Amino acid sequence: MKTAKKLPTRPADHSAPKQVRRVLLVNEPDETRQQITQFLRNAGYDVTGATTGPEALTLCREKKFDIVIANWSLPCMSTLEFCRAYRVQSGASYGFVILMMPRRDMPEILAALEAGADDFLKLPLAPAELEVRLTTGERMLRVEESLRNSNDQLRSALDKLRDTQTAMERDLREARKLQQGLVRERSGRWGPFDLSLLLRPAGHIGGDLVNFFPIDDSRVGFYALDVSGHGVTAALLTAQLSVHLSGSSDQNVALRAAQSGSEAVHPAALAHFFNNMMLEEMITDSYFTMIYAELNHKTGKVQMVQAGHPHPVLQRADGRIEEIGAGGMPIGVVEDPIFDEIEFTMQPGDRLMVASDGVIEARSPAGHLLGEEGLRAIMQTNAFLSGHAFLESMAWSVSEYCRGERPDDMSAVLLEYRKSADTVSLRGS
(Lines give C-alpha, C1' and ligand atoms only; values in the text may rest on other atoms or scores of the structure.)
Protein backbone atom coordinates (compact mmCIF):
# COMPACT_ATOMS: atom_id res chain seq x y z
CA MET A 1 0.00 0.00 0.00
CA LYS A 2 1.19 3.49 -0.77
CA THR A 3 2.16 5.67 2.15
CA ALA A 4 -0.76 7.94 3.02
CA LYS A 5 -0.42 11.63 3.37
CA LYS A 6 -0.19 12.64 6.97
CA LEU A 7 -3.67 13.59 8.17
CA PRO A 8 -3.95 16.66 10.36
CA THR A 9 -4.98 16.03 13.93
CA ARG A 10 -8.13 18.03 14.44
CA PRO A 11 -8.89 19.38 17.87
CA ALA A 12 -11.83 17.74 19.58
CA ASP A 13 -15.12 19.31 18.47
CA HIS A 14 -17.02 20.11 21.64
CA SER A 15 -20.03 21.27 19.57
CA ALA A 16 -20.40 17.84 17.91
CA PRO A 17 -23.77 16.07 18.11
CA LYS A 18 -24.64 14.42 21.38
CA GLN A 19 -24.83 11.03 19.70
CA VAL A 20 -21.36 9.46 19.39
CA ARG A 21 -20.99 7.57 16.13
CA ARG A 22 -19.29 4.21 16.18
CA VAL A 23 -16.82 3.55 13.38
CA LEU A 24 -15.35 0.17 12.46
CA LEU A 25 -12.03 0.54 10.63
CA VAL A 26 -11.15 -2.65 8.72
CA ASN A 27 -7.53 -2.53 7.59
CA GLU A 28 -4.21 -4.12 8.35
CA PRO A 29 -2.30 -2.26 11.08
CA ASP A 30 -0.18 0.34 9.33
CA GLU A 31 0.46 4.04 9.27
CA THR A 32 -2.74 4.77 7.35
CA ARG A 33 -4.86 2.99 9.91
CA GLN A 34 -3.18 4.84 12.76
CA GLN A 35 -3.64 8.23 11.13
CA ILE A 36 -7.32 7.60 10.26
CA THR A 37 -7.95 6.31 13.77
CA GLN A 38 -6.46 9.44 15.31
CA PHE A 39 -8.34 11.70 12.91
CA LEU A 40 -11.68 10.01 13.71
CA ARG A 41 -11.15 10.11 17.47
CA ASN A 42 -10.25 13.79 17.33
CA ALA A 43 -13.46 14.33 15.39
CA GLY A 44 -15.48 12.70 18.20
CA TYR A 45 -15.97 9.21 16.78
CA ASP A 46 -15.77 5.96 18.77
CA VAL A 47 -13.32 3.88 16.70
CA THR A 48 -12.81 0.11 16.72
CA GLY A 49 -10.25 -1.64 14.54
CA ALA A 50 -10.35 -4.99 12.74
CA THR A 51 -7.78 -6.63 10.47
CA THR A 52 -9.82 -9.17 8.49
CA GLY A 53 -13.35 -9.50 7.15
CA PRO A 54 -14.30 -12.38 9.47
CA GLU A 55 -13.00 -10.46 12.50
CA ALA A 56 -15.00 -7.41 11.41
CA LEU A 57 -18.19 -9.47 11.01
CA THR A 58 -17.69 -10.92 14.49
CA LEU A 59 -17.41 -7.41 15.94
CA CYS A 60 -20.54 -6.33 14.04
CA ARG A 61 -22.49 -9.18 15.63
CA GLU A 62 -21.47 -7.92 19.07
CA LYS A 63 -22.45 -4.28 18.57
CA LYS A 64 -23.80 -1.93 15.95
CA PHE A 65 -21.44 0.33 13.98
CA ASP A 66 -22.75 3.45 12.27
CA ILE A 67 -19.89 3.73 9.76
CA VAL A 68 -17.67 0.98 8.37
CA ILE A 69 -14.42 1.99 6.59
CA ALA A 70 -12.78 -0.98 4.89
CA ASN A 71 -9.70 -1.38 2.73
CA TRP A 72 -10.21 -2.72 -0.79
CA SER A 73 -7.73 -5.53 -0.14
CA LEU A 74 -8.47 -7.63 2.94
CA PRO A 75 -6.92 -10.92 4.08
CA CYS A 76 -9.05 -14.08 4.48
CA MET A 77 -12.08 -12.59 2.68
CA SER A 78 -12.48 -10.27 -0.26
CA THR A 79 -13.98 -6.86 0.35
CA LEU A 80 -16.97 -7.67 -1.86
CA GLU A 81 -17.64 -10.85 0.14
CA PHE A 82 -17.34 -8.84 3.34
CA CYS A 83 -19.85 -6.23 2.07
CA ARG A 84 -22.39 -8.86 1.10
CA ALA A 85 -22.03 -10.71 4.41
CA TYR A 86 -22.24 -7.45 6.36
CA ARG A 87 -25.48 -6.39 4.65
CA VAL A 88 -27.06 -9.78 5.26
CA GLN A 89 -25.90 -9.85 8.87
CA SER A 90 -26.90 -6.28 9.71
CA GLY A 91 -30.42 -6.78 8.31
CA ALA A 92 -32.62 -3.80 9.16
CA SER A 93 -29.77 -2.08 11.01
CA TYR A 94 -28.14 0.30 8.55
CA GLY A 95 -24.44 1.15 8.51
CA PHE A 96 -22.70 3.47 6.03
CA VAL A 97 -19.92 1.56 4.23
CA ILE A 98 -16.91 3.38 2.78
CA LEU A 99 -14.30 1.47 0.78
CA MET A 100 -10.69 2.65 0.42
CA MET A 101 -9.50 1.95 -3.14
CA PRO A 102 -6.10 2.50 -4.79
CA ARG A 103 -7.87 3.32 -8.05
CA ARG A 104 -11.41 4.01 -9.16
CA ASP A 105 -12.14 1.57 -11.94
CA MET A 106 -15.78 1.73 -12.93
CA PRO A 107 -16.33 -2.07 -13.04
CA GLU A 108 -14.95 -2.38 -9.52
CA ILE A 109 -17.09 0.52 -8.27
CA LEU A 110 -20.25 -1.00 -9.79
CA ALA A 111 -19.47 -4.38 -8.27
CA ALA A 112 -18.87 -2.77 -4.86
CA LEU A 113 -22.15 -0.83 -5.04
CA GLU A 114 -24.04 -4.02 -5.88
CA ALA A 115 -22.34 -5.74 -2.94
CA GLY A 116 -23.52 -3.05 -0.53
CA ALA A 117 -20.92 -0.27 -0.47
CA ASP A 118 -22.13 3.33 -0.16
CA ASP A 119 -19.08 5.50 -0.92
CA PHE A 120 -15.38 5.35 -1.85
CA LEU A 121 -12.07 6.87 -0.80
CA LYS A 122 -9.10 7.00 -3.13
CA LEU A 123 -5.73 5.98 -1.74
CA PRO A 124 -3.58 7.64 -0.64
CA LEU A 125 -6.06 9.44 1.54
CA ALA A 126 -6.58 13.20 1.51
CA PRO A 127 -7.97 14.86 4.67
CA ALA A 128 -10.54 16.92 2.76
CA GLU A 129 -11.87 13.86 0.96
CA LEU A 130 -12.22 11.90 4.20
CA GLU A 131 -14.13 14.87 5.69
CA VAL A 132 -16.51 14.87 2.70
CA ARG A 133 -17.15 11.14 2.93
CA LEU A 134 -17.83 11.33 6.67
CA THR A 135 -20.19 14.27 6.13
CA THR A 136 -22.04 12.28 3.49
CA GLY A 137 -22.24 9.32 5.84
CA GLU A 138 -23.57 11.49 8.65
CA ARG A 139 -26.27 12.87 6.36
CA MET A 140 -27.31 9.38 5.23
CA LEU A 141 -27.38 8.13 8.82
CA ARG A 142 -29.61 11.03 9.89
CA VAL A 143 -31.98 10.32 7.01
CA GLU A 144 -32.05 6.62 7.90
CA GLU A 145 -32.68 7.40 11.57
CA SER A 146 -35.44 9.82 10.65
CA LEU A 147 -37.07 7.18 8.48
CA ARG A 148 -36.72 4.58 11.21
CA ASN A 149 -38.31 6.91 13.75
CA SER A 150 -41.10 7.70 11.31
CA ASN A 151 -41.64 3.99 10.72
CA ASP A 152 -41.70 3.35 14.45
CA GLN A 153 -44.27 6.12 14.90
CA LEU A 154 -46.26 4.76 11.98
CA ARG A 155 -46.22 1.26 13.43
CA SER A 156 -47.32 2.63 16.78
CA ALA A 157 -50.11 4.61 15.11
CA LEU A 158 -51.18 1.54 13.14
CA ASP A 159 -51.24 -0.53 16.31
CA LYS A 160 -53.45 2.06 17.99
CA LEU A 161 -55.62 2.28 14.89
CA ARG A 162 -55.93 -1.52 14.84
CA ASP A 163 -56.96 -1.52 18.50
CA THR A 164 -59.47 1.25 17.83
CA GLN A 165 -60.82 -0.58 14.80
CA THR A 166 -61.18 -3.76 16.85
CA ALA A 167 -63.15 -1.85 19.47
CA MET A 168 -65.30 -0.24 16.78
CA GLU A 169 -65.95 -3.61 15.15
CA ARG A 170 -67.02 -4.98 18.54
CA ASP A 171 -69.31 -1.99 19.15
CA LEU A 172 -70.79 -2.26 15.66
CA ARG A 173 -71.50 -5.96 16.17
CA GLU A 174 -73.37 -5.11 19.35
CA ALA A 175 -75.15 -2.27 17.56
CA ARG A 176 -76.19 -4.71 14.83
CA LYS A 177 -77.75 -6.98 17.46
CA LEU A 178 -79.61 -4.01 18.94
CA GLN A 179 -80.81 -2.87 15.51
CA GLN A 180 -81.94 -6.36 14.57
CA GLY A 181 -83.78 -6.39 17.89
CA LEU A 182 -85.96 -3.52 16.66
CA VAL A 183 -87.72 -6.13 14.54
CA ARG A 184 -88.84 -8.64 17.14
CA GLU A 185 -91.05 -10.73 14.85
CA ARG A 186 -90.11 -11.57 11.27
CA SER A 187 -93.48 -12.99 10.21
CA GLY A 188 -97.15 -12.85 11.10
CA ARG A 189 -100.46 -14.42 10.07
CA TRP A 190 -103.90 -12.84 10.07
CA GLY A 191 -106.76 -14.89 8.70
CA PRO A 192 -105.78 -15.79 5.12
CA PHE A 193 -102.84 -13.36 5.05
CA ASP A 194 -99.18 -14.14 5.71
CA LEU A 195 -96.64 -11.36 6.16
CA SER A 196 -92.85 -11.92 6.05
CA LEU A 197 -89.96 -9.49 6.60
CA LEU A 198 -86.41 -9.30 5.25
CA LEU A 199 -83.79 -6.99 6.78
CA ARG A 200 -80.23 -7.36 5.49
CA PRO A 201 -77.81 -4.44 6.19
CA ALA A 202 -74.91 -4.01 3.77
CA GLY A 203 -72.53 -3.45 6.70
CA HIS A 204 -72.77 -4.02 10.43
CA ILE A 205 -75.65 -1.58 10.73
CA GLY A 206 -77.87 0.12 8.19
CA GLY A 207 -80.63 2.62 7.55
CA ASP A 208 -83.43 0.26 6.48
CA LEU A 209 -86.29 -0.80 8.73
CA VAL A 210 -89.33 -3.00 8.17
CA ASN A 211 -91.96 -4.08 10.67
CA PHE A 212 -95.67 -4.58 11.37
CA PHE A 213 -98.14 -4.22 14.23
CA PRO A 214 -101.78 -5.19 14.78
CA ILE A 215 -104.24 -2.31 14.90
CA ASP A 216 -107.50 -4.04 15.86
CA ASP A 217 -109.31 -7.30 15.20
CA SER A 218 -109.55 -6.59 11.46
CA ARG A 219 -106.56 -4.44 10.58
CA VAL A 220 -102.76 -4.64 10.65
CA GLY A 221 -100.23 -1.93 9.84
CA PHE A 222 -96.89 -2.58 8.15
CA TYR A 223 -94.12 -0.33 6.89
CA ALA A 224 -90.77 -0.14 5.14
CA LEU A 225 -88.45 2.83 5.40
CA ASP A 226 -84.99 3.66 4.12
CA VAL A 227 -82.90 6.47 5.66
CA SER A 228 -80.47 8.25 3.34
CA GLY A 229 -76.80 7.39 3.77
CA HIS A 230 -75.27 4.46 5.61
CA GLY A 231 -73.61 3.61 8.87
CA VAL A 232 -74.08 5.05 12.33
CA THR A 233 -75.97 8.24 11.36
CA ALA A 234 -78.56 6.34 9.35
CA ALA A 235 -78.87 3.66 12.04
CA LEU A 236 -79.46 6.24 14.79
CA LEU A 237 -82.21 7.95 12.81
CA THR A 238 -83.76 4.57 12.03
CA ALA A 239 -83.80 3.73 15.74
CA GLN A 240 -85.45 7.05 16.55
CA LEU A 241 -88.12 6.51 13.91
CA SER A 242 -88.77 2.99 15.18
CA VAL A 243 -89.79 4.48 18.55
CA HIS A 244 -92.70 6.22 16.81
CA LEU A 245 -93.68 2.95 15.10
CA SER A 246 -93.34 0.51 18.00
CA GLY A 247 -96.09 -1.81 19.18
CA SER A 248 -97.11 0.36 22.15
CA SER A 249 -100.09 2.62 21.43
CA ASP A 250 -98.55 5.23 23.74
CA GLN A 251 -95.60 5.66 21.37
CA ASN A 252 -96.87 4.42 18.01
CA VAL A 253 -98.27 7.47 16.23
CA ALA A 254 -99.55 5.34 13.34
CA LEU A 255 -101.38 2.98 15.69
CA ARG A 256 -102.80 5.89 17.70
CA ALA A 257 -104.13 7.55 14.56
CA ALA A 258 -105.54 4.31 13.15
CA GLN A 259 -107.35 3.56 16.42
CA SER A 260 -108.82 7.05 16.66
CA GLY A 261 -111.96 5.90 14.88
CA SER A 262 -111.89 8.71 12.35
CA GLU A 263 -112.59 7.54 8.80
CA ALA A 264 -110.70 10.60 7.50
CA VAL A 265 -107.41 9.35 8.89
CA HIS A 266 -105.36 7.98 5.98
CA PRO A 267 -101.82 6.52 6.16
CA ALA A 268 -100.62 9.70 4.41
CA ALA A 269 -101.13 11.52 7.73
CA LEU A 270 -98.21 9.54 9.14
CA ALA A 271 -95.94 10.70 6.33
CA HIS A 272 -96.87 14.33 6.99
CA PHE A 273 -96.27 13.85 10.72
CA PHE A 274 -92.77 12.54 10.06
CA ASN A 275 -92.05 15.28 7.53
CA ASN A 276 -92.89 17.98 10.07
CA MET A 277 -90.82 16.21 12.73
CA MET A 278 -87.80 15.96 10.43
CA LEU A 279 -87.92 19.63 9.44
CA GLU A 280 -88.84 21.15 12.81
CA GLU A 281 -87.31 18.93 15.48
CA MET A 282 -84.33 17.10 13.98
CA ILE A 283 -81.11 18.92 13.15
CA THR A 284 -79.98 16.72 10.32
CA ASP A 285 -79.47 16.74 6.57
CA SER A 286 -80.81 13.20 6.32
CA TYR A 287 -84.14 12.25 4.81
CA PHE A 288 -85.91 8.95 4.29
CA THR A 289 -88.31 7.16 2.00
CA MET A 290 -91.23 5.18 3.34
CA ILE A 291 -94.19 3.00 2.53
CA TYR A 292 -96.77 2.63 5.26
CA ALA A 293 -99.90 0.55 4.70
CA GLU A 294 -102.92 -0.68 6.61
CA LEU A 295 -104.41 -4.02 5.62
CA ASN A 296 -107.96 -5.06 6.42
CA HIS A 297 -107.38 -8.80 6.56
CA LYS A 298 -111.12 -9.53 6.49
CA THR A 299 -111.82 -7.66 3.23
CA GLY A 300 -108.35 -7.64 1.58
CA LYS A 301 -108.43 -3.84 1.26
CA VAL A 302 -105.06 -2.06 1.50
CA GLN A 303 -104.63 1.66 2.17
CA MET A 304 -101.08 2.87 1.56
CA VAL A 305 -98.88 5.94 1.37
CA GLN A 306 -95.78 6.00 -0.84
CA ALA A 307 -93.15 8.61 0.08
CA GLY A 308 -90.28 8.29 -2.39
CA HIS A 309 -89.89 4.55 -1.77
CA PRO A 310 -89.54 2.15 -4.73
CA HIS A 311 -92.86 1.09 -6.24
CA PRO A 312 -94.60 -1.84 -4.55
CA VAL A 313 -95.18 -4.79 -6.86
CA LEU A 314 -98.46 -6.69 -6.81
CA GLN A 315 -98.32 -10.20 -8.27
CA ARG A 316 -101.78 -11.51 -9.04
CA ALA A 317 -102.81 -15.12 -8.63
CA ASP A 318 -102.58 -15.68 -12.40
CA GLY A 319 -98.93 -14.48 -12.44
CA ARG A 320 -99.58 -10.98 -13.78
CA ILE A 321 -97.43 -8.31 -12.15
CA GLU A 322 -98.67 -4.78 -11.48
CA GLU A 323 -96.52 -1.86 -10.40
CA ILE A 324 -98.36 0.25 -7.85
CA GLY A 325 -98.07 3.93 -7.03
CA ALA A 326 -96.70 7.09 -8.62
CA GLY A 327 -93.77 7.56 -6.27
CA GLY A 328 -94.39 10.54 -4.02
CA MET A 329 -91.72 12.70 -2.38
CA PRO A 330 -89.19 11.61 0.26
CA ILE A 331 -89.77 12.65 3.87
CA GLY A 332 -87.74 15.51 5.33
CA VAL A 333 -86.88 17.41 2.15
CA VAL A 334 -89.55 20.10 1.56
CA GLU A 335 -92.17 21.73 3.78
CA ASP A 336 -95.23 20.83 1.71
CA PRO A 337 -94.50 17.49 0.09
CA ILE A 338 -96.83 15.53 -2.13
CA PHE A 339 -97.21 11.92 -1.11
CA ASP A 340 -98.90 9.22 -3.16
CA GLU A 341 -102.06 7.84 -1.53
CA ILE A 342 -102.98 4.38 -2.81
CA GLU A 343 -105.91 2.01 -2.27
CA PHE A 344 -106.41 -1.46 -3.75
CA THR A 345 -107.92 -4.80 -2.85
CA MET A 346 -106.04 -8.08 -2.82
CA GLN A 347 -107.63 -11.33 -3.95
CA PRO A 348 -106.82 -14.92 -2.93
CA GLY A 349 -103.52 -15.98 -4.49
CA ASP A 350 -102.19 -12.39 -4.76
CA ARG A 351 -99.03 -11.23 -3.11
CA LEU A 352 -97.54 -7.80 -2.51
CA MET A 353 -93.81 -7.09 -2.51
CA VAL A 354 -92.38 -3.90 -0.99
CA ALA A 355 -88.61 -3.86 -1.62
CA SER A 356 -86.01 -1.20 -0.80
CA ASP A 357 -83.72 0.42 -3.36
CA GLY A 358 -80.99 -1.95 -2.17
CA VAL A 359 -82.85 -4.52 -4.27
CA ILE A 360 -84.00 -2.35 -7.17
CA GLU A 361 -80.69 -0.48 -7.55
CA ALA A 362 -78.39 -3.50 -7.23
CA ARG A 363 -75.72 -3.46 -9.95
CA SER A 364 -73.74 -6.14 -11.68
CA PRO A 365 -69.92 -5.89 -11.80
CA ALA A 366 -70.37 -4.43 -15.30
CA GLY A 367 -72.57 -1.67 -13.87
CA HIS A 368 -75.94 -2.93 -15.14
CA LEU A 369 -78.91 -2.07 -12.92
CA LEU A 370 -81.20 -4.88 -11.70
CA GLY A 371 -84.14 -2.47 -11.77
CA GLU A 372 -87.85 -3.14 -11.46
CA GLU A 373 -87.73 -5.43 -14.47
CA GLY A 374 -85.16 -7.60 -12.69
CA LEU A 375 -87.32 -7.72 -9.56
CA ARG A 376 -90.31 -8.80 -11.65
CA ALA A 377 -88.18 -11.56 -13.18
CA ILE A 378 -87.15 -12.75 -9.70
CA MET A 379 -90.78 -12.80 -8.57
CA GLN A 380 -91.86 -14.79 -11.61
CA THR A 381 -88.96 -17.23 -11.30
CA ASN A 382 -89.70 -17.84 -7.60
CA ALA A 383 -93.49 -17.86 -7.91
CA PHE A 384 -93.62 -21.38 -6.44
CA LEU A 385 -91.98 -20.19 -3.19
CA SER A 386 -93.59 -18.27 -0.36
CA GLY A 387 -92.76 -16.51 2.87
CA HIS A 388 -89.16 -16.46 4.06
CA ALA A 389 -88.13 -19.04 1.48
CA PHE A 390 -89.11 -16.57 -1.24
CA LEU A 391 -87.33 -13.65 0.46
CA GLU A 392 -84.14 -15.64 1.00
CA SER A 393 -84.17 -16.76 -2.62
CA MET A 394 -84.63 -13.14 -3.72
CA ALA A 395 -81.76 -12.00 -1.48
CA TRP A 396 -79.53 -14.74 -2.90
CA SER A 397 -80.43 -13.72 -6.46
CA VAL A 398 -79.57 -10.07 -5.75
CA SER A 399 -76.23 -11.00 -4.16
CA GLU A 400 -75.37 -13.24 -7.09
CA TYR A 401 -76.25 -10.43 -9.49
CA CYS A 402 -73.83 -8.15 -7.60
CA ARG A 403 -71.24 -10.93 -7.25
CA GLY A 404 -71.38 -10.33 -3.50
CA GLU A 405 -70.46 -6.63 -3.79
CA ARG A 406 -73.68 -5.20 -2.37
CA PRO A 407 -73.16 -1.55 -1.34
CA ASP A 408 -76.65 -0.85 0.01
CA ASP A 409 -78.95 -2.27 2.67
CA MET A 410 -81.60 -4.69 1.48
CA SER A 411 -85.05 -4.96 3.04
CA ALA A 412 -88.48 -6.15 1.97
CA VAL A 413 -92.03 -6.81 3.12
CA LEU A 414 -93.91 -9.70 1.52
CA LEU A 415 -97.69 -9.86 2.01
CA GLU A 416 -99.41 -12.99 0.69
CA TYR A 417 -103.12 -13.79 0.41
CA ARG A 418 -103.44 -17.56 0.66
CA LYS A 419 -105.88 -19.21 -1.72
CA SER A 420 -107.31 -21.38 1.04
CA ALA A 421 -108.50 -18.91 3.64
CA ASP A 422 -108.12 -20.60 7.01
CA THR A 423 -108.46 -17.98 9.70
CA VAL A 424 -105.91 -18.35 12.49
CA SER A 425 -104.62 -16.05 15.19
CA LEU A 426 -101.54 -13.84 14.87
CA ARG A 427 -98.27 -15.65 15.40
CA GLY A 428 -94.70 -14.32 15.34
CA SER A 429 -91.53 -16.13 14.39
Side-chain angles (χ1 to χ4, degrees), residues 1 4-74 77 79-101 104 109 112-113 115-153 155:
M1 178 183 293
K5 295 180 182 178
K6 185 174 180 61
L7 299 178
T9 56
R10 297 189 347 179
D13 184 0
H14 299 291
S15 64
K18 292 181 180 180
Q19 181 180 3
V20 177
R21 299 290 188 191
R22 289 176 174 174
V23 178
L24 177 61
L25 182 56
V26 190
N27 190 22
E28 293 182 282
D30 57 14
E31 185 181 353
T32 299
R33 174 165 160 174
Q34 294 175 359
Q35 291 177 349
I36 294 177
T37 300
Q38 189 60 45
F39 180 87
L40 291 171
R41 286 175 176 163
N42 287 343
Y45 292 96
D46 178 3
V47 185
T48 301
T51 302
T52 66
E55 180 188 358
L57 291 173
T58 300
L59 290 170
C60 290
R61 281 193 291 270
E62 295 173 355
K63 63 180 179 179
K64 178 185 179 301
F65 291 95
D66 302 298
I67 299 174
V68 177
I69 302 176
N71 191 27
W72 180 253
S73 299
L74 294 176
M77 174 185 284
T79 304
L80 296 183
E81 290 174 335
F82 166 72
C83 287
R84 294 190 192 99
Y86 171 72
R87 288 303 182 200
V88 172
Q89 181 176 293
S90 60
S93 179
Y94 176 75
F96 192 79
V97 177
I98 303 173
L99 297 185
M100 299 183 290
M101 305 178 69
R104 294 184 181 180
I109 289 177
L113 289 172
D118 294 299
D119 210 340
F120 305 91
L121 278 170
K122 188 176 183 304
L123 295 175
L125 291 174
E129 187 176 3
L130 179 57
E131 288 256 22
V132 170
R133 301 297 178 254
L134 292 172
T135 300
T136 302
E138 287 282 354
R139 185 182 299 114
M140 293 297 295
L141 289 169
R142 285 195 296 270
V143 169
E144 191 271 338
E145 289 164 356
S146 177
L147 288 174
R148 191 189 307 122
N149 291 335
S150 297
N151 288 336
D152 290 342
Q153 292 174 7
R155 277 192 291 270

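Remember, predicted model here, so these are calculated numbers, not experimental data.
- Every pair passing salt bridge (Lys or Arg N to Asp or Glu O under 4.0 Å) that includes a residue from residues 84-99 is listed here, sequence neighbours excluded: Arg87-Asp118.
- Residues forming a salt bridge (Lys or Arg N to Asp or Glu O under 4.0 Å) with Lys64 (at least two apart in sequence, or on another chain): Asp66.
- Side-chain contact between Thr52 and Met77 is absent, with no heavy atoms from C-beta onward closer than 4.5 Å.
- In terms of the side chain to side chain donor-acceptor pair (under 3.5 Å) criterion, Gln34 has no residue partners (sequence neighbours excluded).
- Interatomic distance, Met101 CE to Leu123 CG, rounded to the nearest 0.5 Å: 9.0 Å.
- By the 4.5 Å heavy-atom criterion applied to side chains, Phe39 and Leu134 are counted as neighbours.
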Using side chain to side chain contact (heavy atoms under 4.5 Å, CB included), reason through Leu121 and Leu130 one step at a time and then give a plain yes or no. CA-CA 7 Å; Leu121 278 170; Leu130 179 57; 3.7 Å; yes
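- Heavy-atom minimum distance, Leu141 versus Phe96: CD2-N, 4.4 Å.
- Nearest approach of Tyr86 to Phe65, heavy atoms of both residues: OH-O, 3.8 Å.
- Looking only at side-chain heavy atoms (C-beta outward), Met140 and Glu144 stay at 4.5 Å or farther from each other.
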Arg142 and Glu138: CA distance, side-chain angles, deciding distance, side chain to side chain contact (heavy atoms under 4.5 Å, CB included) verdict: CA-CA 6 Å; Arg142 285 195 296 270; Glu138 287 282 354; 3.7 Å; yes
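- Looking at Thr51, its side chain never comes within 3.5 Å of a backbone N or O of Pro29 through a donor-acceptor pair.
- Taking the side chain to side chain contact (heavy atoms under 4.5 Å, CB included) definition, one finds that Leu113 meets it with Ile109, Phe120, sequence neighbours left out.
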Side chain to side chain contact (heavy atoms under 4.5 Å, CB included) evaluation trace for Asp119 with Val132: CA-CA 10 Å; Asp119 210 340; Val132 170; over 6 Å; no
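- Residues forming a side chain to side chain contact (heavy atoms under 4.5 Å, CB included) with Ala56 (at least two apart in sequence, or on another chain): Leu24, Val26, Ala50, Phe82.
- Residues Asn27 and Trp72 have side chains not in contact (no heavy-atom distance under 4.5 Å, counting atoms from C-beta outward).
- For Asp152, the side chain to side chain donor-acceptor pair (under 3.5 Å) partners at least two apart in sequence or on another chain are Arg155.
- A heavy-atom distance below 4.5 Å is found between the side chains of Leu40 and Ile69.
- Partners of Glu81 according to the salt bridge (Lys or Arg N to Asp or Glu O under 4.0 Å) rule, which considers only residues two or more places apart in sequence or in another chain, do not exist here.
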Asn42/Gln38 under side chain to side chain donor-acceptor pair (under 3.5 Å): CA gap, chis, key distance, verdict: CA-CA 6 Å; Asn42 287 343; Gln38 189 60 45; 3.1 Å; yes
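- Note on residues 45-54: no pairs pass salt bridge (Lys or Arg N to Asp or Glu O under 4.0 Å), not counting sequence neighbours.
- Closest approach of Leu99 to Ala117, counting heavy atoms only: CD1-CB, 3.7 Å.
- Considering only heavy atoms from C-beta on, Lys63 comes within 4.5 Å of Thr48 through its side chain.
- Checked against salt bridge (Lys or Arg N to Asp or Glu O under 4.0 Å), Arg33 has no partners two or more places apart in sequence or in another chain.
- Sorted by first then second residue, the salt bridge (Lys or Arg N to Asp or Glu O under 4.0 Å) pairs that include residues 52-62, not counting sequence neighbours, number zero.
- Not a single side chain to side chain donor-acceptor pair (under 3.5 Å) links Arg139 to another residue, sequence neighbours left out.
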Test side chain to side chain contact (heavy atoms under 4.5 Å, CB included) on Val47 and Ile36; report intermediate values, then the result. CA-CA 10 Å; Val47 185; Ile36 294 177; over 6 Å; no
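- Separating the OG1 atom in Thr32 from the CG atom in Asn71 is a distance of 8.5 Å, to the nearest 0.5 Å.
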